[in-house]
Amino acid sequence: MAKIKNHIELQFLSEPSDVNYGGKVHGGMMMKWIDQAAFACALQWSQTYCVTVYVGGIRFFHPVHIGHLVKMEARIIYTGKTSMHIAVDAFSKPVGQADFVKNTHCIIVFVAVDDNGQPKAIPAFTPKTEKEIAMHGYAIKLMELRKSIDKEMEPYIV
């Protein structure tokens, strides 16, 4: 059996239809691309349909310009029994230049589901490299922080 990869990279050009009034790519379009890259990564890992259950800590560092080459890197950093925590980083650069600039970072959580929409068990991710171990710890810290955020938000969720 082939080893399942814990990461995926997508590259494409930003288009004029992606622009906002300020002449840069819409933040909403960035979020769509993040979700698509993370979904592809989750699907590759779980080998089954997945649903987004959480997106957090999204940070926009630099705008993406129209016509730039965009690179989305998504990687599994933690798995539960049915869930996958995926770190997504977006980069861009003008066509013809060598170096990408980091534009956006966030964590997105997917849950694998069966044909009835019920959570489905997935393979466990075991970090091996120094970076994977650090990112695994990062995911665990963020899960703890989300517990306090959930408690704060509880009175306002209808």
Go through it in stages, so that I can follow the logic: the residues are I77 and Y138, the test is side chain to side chain contact (heavy atoms under 4.5 Å, CB included), and I'd like the CA-CA distance, side-chain angles, deciding distance and then a yes or no.
CA-CA 8 Å; I77 61 172; Y138 170 54; 4.2 Å; yes
Parallel, tilted or perpendicular, judged at 30° and 60°: which one describes the rings of [X] and [Y]?
X    : Y   : answer
F110 : F39 : tilted
W33  : F12 : perpendicular
H85  : Y78 : perpendicular

To check you understand the geometry: which heavy-atom pair defines the closest contact between [X] and [Y], and what is its length?
X    : Y    : value
G56  : C106 : O-CB, 3.6 Å
I66  : E15  : CD1-O, 3.3 Å
E152 : P155 : O-CD, 3.3 Å
C50  : L43  : SG-N, 4.2 Å
V95  : G67  : CG2-O, 3.6 Å

CA sep, side-chain torsions, deciding dist, call: H62, V101, side chain to side chain contact (heavy atoms under 4.5 Å, CB included)
CA-CA 8 Å; H62 301 284; V101 171; 3.5 Å; yes
Show your working on side chain to side chain contact (heavy atoms under 4.5 Å, CB included) between V88 and I108 and close with a plain yes or no.
CA-CA 7 Å; V88 182; I108 187 164; 3.9 Å; yes
So does K102 have more than 12 non-hydrogen atoms from other groups sitting under 6.0 Å from NZ?
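Yes, NZ of K102 has more than 12 neighbouring heavy atoms, counting only those of other groups under 6.0 Å.
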Same hydrophobic cluster for [X] and [Y], using side-chain heavy-atom links shorter than 4.5 Å among ILVMFWY?
X    : Y    : result
V19  : M31  : yes
F91  : M72  : no
Y54  : L145 : no
V53  : I140 : no
I107 : V55  : no

To the nearest 0.5 angstrom, please state how far the [atom1] atom of [X] sits from the [atom2] atom of [Y].
X    : Y    : atom1 : atom2 : result
D150 : I157 : CG    : CD1   : 6.5 Å
E132 : M135 : CD    : CE    : 10.0 Å
E73  : C41  : CD    : SG    : 11.0 Å
N103 : K93  : CG    : NZ    : 12.5 Å
H68  : D18  : NE2   : CG    : 13.0 Å
I76  : F125 : CD1   : CZ    : 8.0 Å

Is there a side-chain contact between [X] and [Y] in this structure, where contact means two heavy atoms from C-beta onward sitting under 4.5 Å apart?
X    : Y   : value
T104 : I58 : yes
I86  : R75 : no
M30  : V64 : yes
T52  : D35 : yes

With the threshold set at 4.0 Å, does a side-chain nitrogen-carboxylate oxygen contact exist between E144 and K147?
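Yes, E144 and K147 are salt-bridged.
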Side chain of [X], backbone of [Y]: donor and acceptor closer than 3.5 Å?
X   : Y    : result
T48 : A112 : no
S46 : A42  : yes
Q44 : K5   : yes
T82 : K120 : no

Have D89 and H105 got a donor and an acceptor in their side chains that come within less than 3.5 Å?
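The criterion, which ignores hydrogens and geometry beyond distance, is satisfied for H105 and D89.
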Determine whether E9 and K71 satisfy the following criterion, side chain to side chain contact (heavy atoms under 4.5 Å, CB included), listing intermediate values before the conclusion.
CA-CA 7 Å; E9 182 180 298; K71 177 172 66 171; 3.4 Å; yes
